[in-house]
Amino acid sequence: MADKVRRKAPEKRRLRLIEATLTAFDSHGLAATSVARVAALARVSAGNVHHYFGGKDGLLEAAMLHLMGELHAASLDLLASAKGPLDRLDAFVEANFADAIFTRAICRAWLHFWAEAPHAPELARLERLNRQRNRSNLTAALRQLMPLEAARDLAEEIAATVDGYWAQRAQATSTVTPAKARLLLKAQIRRGILAAGGTLPSTR
């Protein structure tokens with residue numbers, strides 16, 4: 001039991017540092033988020049940040065991976081009950097705009113990641129991986145409802161819309177709520193399918 005507790009302690013400390021990083025992003029922005037500031041928010045020494053992450057770059061990568069993991073876990077939970085391609089598309093929307101994920105603080109963190117990715121190879125790799133996974137999952141569901149090329153085009157449109165809503169949500173004056181984003185994107189998906197000559201399940 002004691003060994004198990006000792007193993008969990010570093011995991012909790014890593015998570016606390018990641019959460020402190022996201023808090024620092026939200027309050028101060030990327031440029032002003034330093035190792036010292038994150039350590040102070042997490043109430044640990046700066047040495048802990050260097051020990052677990054190697055410095056600010058490693059901390060940024062870990063924070064981005066954490067958010068990607070949260071979003072992926074939400075998607076898997078929702079997809080488990082999906083009964084068809086439209087349900088899978090709805091699950092994608094629900095996961096990306098879940099109340100616990102589509103928050104101003106998390107959206108601001110994503111904006112920081114996107115802005116930094118062109119200058120940080122590892123962040124760029126993670127962003128590319130996330131983008132490719134989204135396009136692939138969307139296309140796989142859409143192609144069951146419409147022609148393949150149209151499915152690819154609509155997948156790009158959906159992904160761009162998600163990015164746009166996340167960018168809006170990051171702003172202090174945004175009026176986009178999780179419920180509103182879910183409603184609007186689901187309607188957009190259905191319009192896109194029909195406009196491309198696709199079909200919707202008769203039970204929906």
Atom pairs and distances, donor-acceptor, side-chain atoms in residues 54-73, under 3.5 Å, two or more places apart:
{"residue": "Lys56", "atom": "NZ", "partner": "Leu30", "partner atom": "O", "Å": "3.0"}
{"residue": "Lys56", "atom": "NZ", "partner": "Thr33", "partner atom": "O", "Å": "2.8"}

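- A salt bridge links Arg125 and Glu122; the closest N-O separation between the charged side-chain nitrogens and carboxylate oxygens is under 4.0 Å.
- The side-chain tip of Arg13 does not point at the ring of Tyr52 from less than 6.0 angstrom away and within 45° of straight on.
- Not a single side-chain hydrogen bond (donor to acceptor under 3.5 Å, both in side chains) links Gln144 to another residue, sequence neighbours left out.
- For residues 74-85, no pair satisfies side-chain hydrogen bond (donor to acceptor under 3.5 Å, both in side chains), with sequence neighbours left out.
- In this structure, Leu78 is not a member of the same hydrophobic cluster as Leu183, with clusters built from ILVMFWY side-chain heavy atoms closer than 4.5 Å.
- Under the salt bridge (charged side-chain N to carboxylate O under 4.0 Å, His left out) criterion, Glu157 pairs with no residue, sequence neighbours left out.
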Give the table of side-chain donor-acceptor pairs shorter than 3.5 Å for residues 15-27, with sequence neighbours excluded, one pair per line with atom names and distance.
{"residue": "Arg16", "atom": "NE", "partner": "Ala42", "partner atom": "O", "Å": "3.0"}
{"residue": "Thr21", "atom": "OG1", "partner": "Leu17", "partner atom": "O", "Å": "2.8"}
{"residue": "Thr23", "atom": "OG1", "partner": "Glu19", "partner atom": "O", "Å": "3.0"}
{"residue": "Asp26", "atom": "OD1", "partner": "Arg108", "partner atom": "NH1", "Å": "2.7"}
{"residue": "Ser27", "atom": "OG", "partner": "Thr23", "partner atom": "O", "Å": "3.2"}

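- Identified under the side-chain hydrogen bond (donor to acceptor under 3.5 Å, both in side chains) test for residues 146-155, with sequence neighbours left out: Glu149-Arg152.
- Aromatic ring pairs are classed by plane angle as parallel below 30°, tilted from 30° to 60° and perpendicular above 60°; the pair Phe97 and Tyr165 is perpendicular.
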Worked verdict on Val176 versus Trp166 for side-chain contact (heavy atoms from CB on, under 4.5 Å): CA-CA 9 Å; Val176 176; Trp166 275 61; over 6 Å; no
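- A single hydrophobic cluster is seen to contain both Ile193 and Leu138, as judged by linkage of ILVMFWY side chains at heavy-atom distances under 4.5 Å, directly or through other members.
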Verdict with reasoning, Ile158 to Leu142, per side-chain contact (heavy atoms from CB on, under 4.5 Å): CA-CA 11 Å; Ile158 294 167; Leu142 287 166; 4.0 Å; yes
